[in-house]
Protein chains: 2
Amino acid sequence: MDGGARPVGARERRRGSVRIGELAAATGVSVRALRYYEEQDLLVANRSPSGQRHYPDTAVERVQLIQQLYAAGLASKTVVKVLPCIETEEVAPQILELLRAERARIDEQITGMLETRDRLDAAITAASEARGDGRSCPR
Amino acid sequence: MDGGARPVGARERRRGSVRIGELAAATGVSVRALRYYEEQDLLVANRSPSGQRHYPDTAVERVQLIQQLYAAGLASKTVVKVLPCIETEEVAPQILELLRAERARIDEQITGMLETRDRLDAAITAASEARGDGRSCPR
DNA sequence: CTAAAACCTGACGTTGACGTCAGAGGCAAG
DNA sequence: CTTGCCTCTGACGTCAACGTCAGGTTTTAG
């Protein structure tokens, strides 16, 4: 891991001066991941004269959005394209098609996962009943 | 690719004698994937004296189930454990916990994807309206 | 019988999203 | 000024689920 407790000093947080470690702690993603996002042009940082990254406060939301899109199965190349659209709500026409395609893909995936969940439920229920293991009174 | 058209001859299919190429064609997965499943102990095959794999007809369903579980984000090590339970509906107690854990994970993932879908919808709707591009009359 | 198609076993290559390590600065506290 | 944590840039490692290629055997169509 990279961040545990954060003895950040006292009167930090000058608005727009979040360093990479703090951002990592705030979002729950690793420092490495944040640098990776920058490589992928998903996240930009202001650089101090010495080269250190400083993020605006909005970066927290942005990182969380990136995670959400990743979790939905979008590739980083896709995320790069759709990110600005989602944040600004201004969508270029070519991107619109991409959005629709991804939406459709997500929808299919949800459908599949609902089916899978039901199959797992069936097995779980069968097992519970076979064991007289009613799930509402485990005690 | 491995299978395109399948000039399989005429009086094949002696019940329980499906070869790997046919199974691939029937399930839509690649021959390589089927061999991989065997490596992972997800799929067993009878071997002819010369070493060729012959699958029972039930293999089709099994492969589809494997795919479904993969699509839901289960790892192959997990699939190995839960597969027999789902097929036979007989669940060992340790596996039961695993099933519940995976079910919960899937549930969370579905929730997340629903949120993501809504965000995409918002962007899509905003874009469509901005362009006067009602989705019901594209012409 | 012969040629084509399908199958076999290794074994190395691929892709994405990071993990991890090395070596070299930077920055607030005592 | 020194100590100790944080940060920097490479750059190689990882893991899963296959893809792909090589070299050889088997089955099938004609």
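For DNA chain D, none of the residues of residues 102-111 of chain A falls under the heavy-atom distance limit of 4.0 Å.
Residue A/K77 contributes atom NZ, which lies 10 Å from atom P of C/dA17 at whole-angstrom precision. One can place CD1 of A/I66 at 11 Å from P of C/dA17, the figure rounded to the nearest angstrom. Regarding A/L42, its CG atom lies at a distance of 10 Å from the P atom of C/dC18, rounded to whole Å. Straight-line distance from the CD1 atom of A/I20 to the P atom of C/dC27: 15 Å, rounded to whole Å. Rounded to whole Å, the distance from CD on A/E38 to P on C/dA17 is 17 Å. One interatomic measurement links the two molecules: CG of A/L69 to P of C/dA17, which rounds to 12 Å at whole-angstrom precision. Computed from coordinates, the A/Q40 CD to C/dC18 P distance equals 10 Å when rounded to whole Å. Atom CZ of A/R32 and atom P of D/dT7 are 15 Å apart (whole Å).
At D/dC8, one or more side-chain N or O atoms of A/R53 fall inside 4.0 Å of OP1 or OP2 (strictly under the cut-off). In this structure, B/R47 reaches the C/dT9 phosphate: one of its side-chain N or O atoms is under 4.0 Å from OP1 or OP2. Contact annotation: B/Y37 does not reach the phosphate of D/dA17 (side-chain N/O to OP1 or OP2, under 4.0 Å). Residue B/S48 places no side-chain N or O under 4.0 Å from the OP1 or OP2 atom of D/dT26. Remark: A/Y36 is in phosphate contact with C/dA17, judged by side-chain N or O atoms under 4.0 Å from OP1 or OP2. Applying the 4.0 Å criterion to OP1 and OP2 of C/dC27, one finds that A/S50 has a side-chain N or O inside that range.
Of the candidates B/Q68, B/Q67, B/E61, B/L65 forms a side chain to side chain contact (heavy atoms under 4.5 Å, CB included) with just one, namely B/Q68.
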Q. Should A/R100 and B/S128 be marked as a side-chain contact (heavy atoms from CB on, under 4.5 Å) after you check the CA-CA gap, both sets of side-chain angles, and the distance that decides it?
A. CA-CA 11 Å; A/R100 287 192 170 129; B/S128 301; 3.4 Å; yes
Q: Quick one: do A/T116 and B/L74 satisfy side-chain contact (heavy atoms from CB on, under 4.5 Å)? Show the steps, please.
A: CA-CA 10 Å; A/T116 306; B/L74 303 214; 5.8 Å; no
Q.
As a quick check of understanding, evaluate salt bridge (Lys or Arg N to Asp or Glu O under 4.0 Å) for B/R105 and B/E108, giving each step before the final call.
A. CA-CA 5 Å; B/R105 203 188 48 70; B/E108 282 181 37; over 6 Å; no
Q. Is there a side-chain contact (heavy atoms from CB on, under 4.5 Å) between B/Y55 and B/N46 once you walk through the steps?
A. CA-CA 6 Å; B/Y55 298 93; B/N46 307 315; over 6 Å; no
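No N or O donor and acceptor, one from the side chain of A/R35 and one from the base of D/dT9, sit under 3.5 Å apart.
Salt bridge present: B/E38 and B/R47 bring a charged side-chain N and a carboxylate O closer than 4.0 Å.
Residues A/T58 and A/R62 form no side-chain contact, since every pair of their non-hydrogen atoms from C-beta on lies 4.5 Å or further apart.
For A/Q52, whose side chain is taken as the heavy atoms from C-beta onward, the closest listed nucleotide among C/dC7, D/dT7, D/dC18 is D/dT7.
Residue whose closest nucleotide on DNA chain D sits further toward the 5' end, between B/S76 and B/R19: B/S76.
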